[in-house]
2 protein chains.
Amino acid sequence: MDKCTRLKRRACLAALVAVVVLCSVVGARAQSDPLPSWNDGAAKKSITGFVARVTTQGGADFVPPAERIATFDNDGTLWTEQPIYFQLAFAFDRVKAMAPEHPDWKTRQPFKALLEKDTKALAATGEKGVMQILAVTHAGMTTNVFAQSVRDWLATARHPRFKRPYDSLVYQPMLELLAYLRANGFKTFIVSGGGIEFMRPWTERVYGIPPEQVVGSSGVVKFQIGADGKPVLMKEAKVEFIDDGPGKPVGINRFIGRRPIFAFGNSDGDLQMLQWTAAGQGARFAGIVHHTDAEREYAYDRQSKIGKLDKTLDAAAAGGWTVVDMKQDWKTMFPDSP
Amino acid sequence: MDKCTRLKRRACLAALVAVVVLCSVVGARAQSDPLPSWNDGAAKKSITGFVARVTTQGGADFVPPAERIATFDNDGTLWTEQPIYFQLAFAFDRVKAMAPEHPDWKTRQPFKALLEKDTKALAATGEKGVMQILAVTHAGMTTNVFAQSVRDWLATARHPRFKRPYDSLVYQPMLELLAYLRANGFKTFIVSGGGIEFMRPWTERVYGIPPEQVVGSSGVVKFQIGADGKPVLMKEAKVEFIDDGPGKPVGINRFIGRRPIFAFGNSDGDLQMLQWTAAGQGARFAGIVHHTDAEREYAYDRQSKIGKLDKTLDAAAAGGWTVVDMKQDWKTMFPDSP
């Protein structure tokens, strides 16, 4: 028996053992709840009901595994987005960290306002100011250097209110939902207005979603041969694609090439993704996370500057979409936290 | 026992049976060749040697399955690209099919030349002419309508030399290679200069590569609410991204977000993808399909208009990449054909 044969036999044996163990676990836990952080109620029922329908072989609503595409917004749907988008908090922190190398920032807006914590002056620089901050923190470096800056920030930065790492402010019920869908043959994707390069360094670790299943906004990237003869990808200060609003179905089409059968969002930036998902043929699920819990997280919707949920709330009512009431529907908010 | 439990037990039982069957098949076929259409030789050996190294647990070159990303060019690497790129053949056939609805084409270039089979006049319209032909055949319709036009064409069109459907002119040895890599935990991607929307309707059926693992060139797509209130995605006559040459590592970064450890191409349009792959840390495989078989397929390289292989052949020699000699290395060319 050659080495290859031995290896294959060993792999087979391992698979056999794994399935036997799995079967006994399933036998023991079959009655257990795959969504323990969800209170019993209409939202939970609509999720489990949908999954049962599309996975029942021979049923009218059965969907083959290859077509079980589920897309999730990130900010406000999988993790918190208040008091500011976490990517903006990252950019602000990076400006502070980079300031010593840029003495001119002390006298140059929007950097001056940011460094002096002059929120009024910072706000006055408007969208242009934000773009300048994103340019210096997200461009002019290789993709590898940028990814490392994201990882470093997550390891050290703390959320102003919760005093926890930003990547611990992910919703426990949504983590369970992602795992539950995957256990039922779904492929889970992020479709976010946030930066694709900002999310990829940590989505696999935190959500179990690999880089190739992350869709997001992006800047132009250029291939270059470096001084050492090695190729690098340089991030440029030029917007390439905004994966928000009507950009979301476009991003889904571009990156995934199939229409989702299941989508979750939390703001008007998700309206078109939810419309596109809901309009497909066969069973469809469109869900909204409604932030109703000021005590454990935040409460906001129609008038909010960040995560405005207005038209989409009306569309949900008209379309019979599932609206999750955080306060009522979620037993737990964050992992290891009530 | 509730329905869910019964279903899970049934799924487990099915998995158990599948593994037992698989193990007996592996036992019986363990000695059999996963690449039967490849002649024994340096190319085959370098492929199987690489796969053995990166999949040997505990070995110095072991790569976890999540990072086993393999990327393949399409035209000339997975299927034939002569006498013209098949996507162009599709566009030409579409112009002919659409001509009755466009009487002005009889007197308008480049359409006039195409309809009159005046290749000289057609060539004289140059790149501008090609773009006009692509515009009318690839834009001004929904993504669904376009995908259907591709499927219809594949079902009816025949290659001028081989008199076979275009999607049967795929290389049997490469089909085996794709399957072999997947059986070893690789995720296989197409990274092609061809149109992403042109490939996705058939890559899963033909190559076993799902739409979400196809990277290619693209035009702008817009989200619209149709007259019936239903959302559609409209294809516009505007280039968005050219996934060729230095665009390939950019496309890989955008769509996959990880550097491949294995890549295959056949022309100078693949140079940067191969450089990017080869320059990563750890074991890497860079391969080239060298068209050396005028009898069974085509023979071309450094001077060819289509699929020019010049700089990349030099880079392969310098970098110790694997060059597949079609004539020598491939026992079979196409499925069901010598």
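Protein chains get the first letters and strands the later ones, always in sequence-line order, with residue 1 at the start of each. These numbers come from the heavy atoms of this one structure, side chains and all, not from hydrogens, waters or symmetry mates. Computed from a predicted structure; not experimentally measured.
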Any [X] side-chain heavy atom under 4.5 Å of [Y] side chain:
X      : Y      : result
A:P231 : B:Q272 : no
A:Q224 : B:P246 : no
B:R254 : A:F241 : no
A:Q275 : B:K230 : no

Item to check | Shortest non-hydrogen contact from B:R258 toward A:P210 | outcome: NH2-CB, 3.3 Å

Next on the checklist: Heavy-atom cut-off 4.5 Å, strictly under: side chain, backbone, both or neither for A:E240 against chain B?
Outcome noted: side chain

Checklist entry - With only heavy atoms counted, which part of A:I256 is less than 4.5 Å from chain B, the side chain, the backbone, both or neither? => result both

Checklist entry - Quick one: of B:G229, B:G247, B:P211, B:G216, who has the most non-hydrogen atom pairs under 4.5 Å with chain A? => result B:P211

Relative to chain A, which segment of [X] carries a heavy atom at a distance below 4.5 Å: side chain, backbone, both, or neither?
X      : result
B:V215 : neither
B:K187 : side chain
B:Q57  : neither
B:E197 : side chain

Looking only at heavy atoms and a cut-off of under 4.5 Å, which of [options] has the most pairs with chain B?
options                        : answer
A:I196, A:V250, A:V232, A:V220 : A:V250
A:V221, A:I69, A:V214, A:L233  : A:L233
A:E204, A:K248, A:K222         : A:E204

Next on the checklist: Parallel, tilted or perpendicular, judged at 30° and 60°: which one describes the rings of B:F223 and A:W276?
Outcome noted: perpendicular

Checklist entry - In Å, rounded to the nearest 0.5 Å, how long is the span from NZ of A:K235 to CG of B:N253? => result 8.0 Å

